[in-house]
Each structure stands twice: as C-alpha cells, then as structure tokens.
Amino acid sequence: LWKYNNHDGTPAFEGLVNPKKDFDELIAHGVRPWVGASIRSIEDMKQAASLGAQLITSNEPAFMMSELEKAGLRIRE
C-alpha cells in the first residue's frame, strides 16, 4: 500500500501501516494487498497482516521471511 496525504497536504494517517479501509477497498476489488519495504518491523508486518496484507516487499528478505515464519505469517505455496 502507499502513504498518502489529505487534500490540504497533511498526512492522511500516522505510522507506516495504512488504515483498514485501504486494505478493505483493495480486497473488495480483487486486489491482494501488498506492503512495501517501508514495513521493516515484525510488529508493523503483523499489523498489516491483520488488516489484510498478503504480500510484502523487503530490503532484507531472509530476515523478514524468518520473522514471518516465527510469527506464523509465512505461507509457502
């Protein structure tokens, strides 16, 4: 997902993880939510996953895959 601003230029939300409504809108349109490399902590990843994130891009893939597996969030297809 993406970080975006309100029309007046102020941030639309705090933190790195988009609001649930953003995830819900993508899912409603058949899009699997994908979070970017700005999600670096496992806490943020758990939050994103709980909101519907299904895919992640990471600058540290081995670390993130290990942490996701420990948290029970990595699905091997």
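Atoms considered below: every heavy atom in the structure, side chains included; atoms not considered: hydrogens, waters and symmetry mates. These numbers were taken from a predicted model, which means no experiment stands behind them.
- Residues Phe23 and Pro33 come closest through the heavy atom pair CD2-CB, 3.7 Å.
- Interatomic distance, Met45 CE to Arg74 CZ, rounded to the nearest 0.5 Å: 12.5 Å.
- Of all the heavy atoms in Asn5 and Pro11, the pair that sits closest is OD1-CA, 3.4 Å.
- Salt-bridge check for Glu67 with Lys70: passed, with a basic side-chain N closer than 4.0 Å to an acidic carboxylate O.
- Between Val35 and Asp44 there is no side-chain heavy-atom pair separated by less than 4.5 Å.
- In this structure, CG on Asp24 lies 11.5 Å from CG on Asn18, to the nearest 0.5 angstrom.
- Every side-chain contact (heavy atoms from CB on, under 4.5 Å) that Arg40 has, sequence neighbours left out, goes to Asn59.
- Atom CG of Leu51 and atom CG of Asp22 lie 9.5 Å apart (nearest 0.5 Å).
- Residues Leu68 and Ile39 fall within the same hydrophobic cluster, defined by Ile, Leu, Val, Met, Phe, Trp and Tyr side chains chained together at heavy-atom separations under 4.5 Å.
- Between the CE atom of Met65 and the CG atom of Leu73 there is a distance of 14.0 Å, given to the nearest 0.5 Å.
- More than 12 heavy atoms of other residues, nucleotides or ligands lie within 6.0 Å of CD in Glu69, so this atom counts as buried by the packing criterion.
- A distance of 6.5 Å separates CD1 in Ile27 from NZ in Lys20, rounded to the nearest 0.5 Å.
- Checking side-chain atoms of Asn6 against main-chain N and O of Asp8 turns up no donor-acceptor pair under 3.5 Å.
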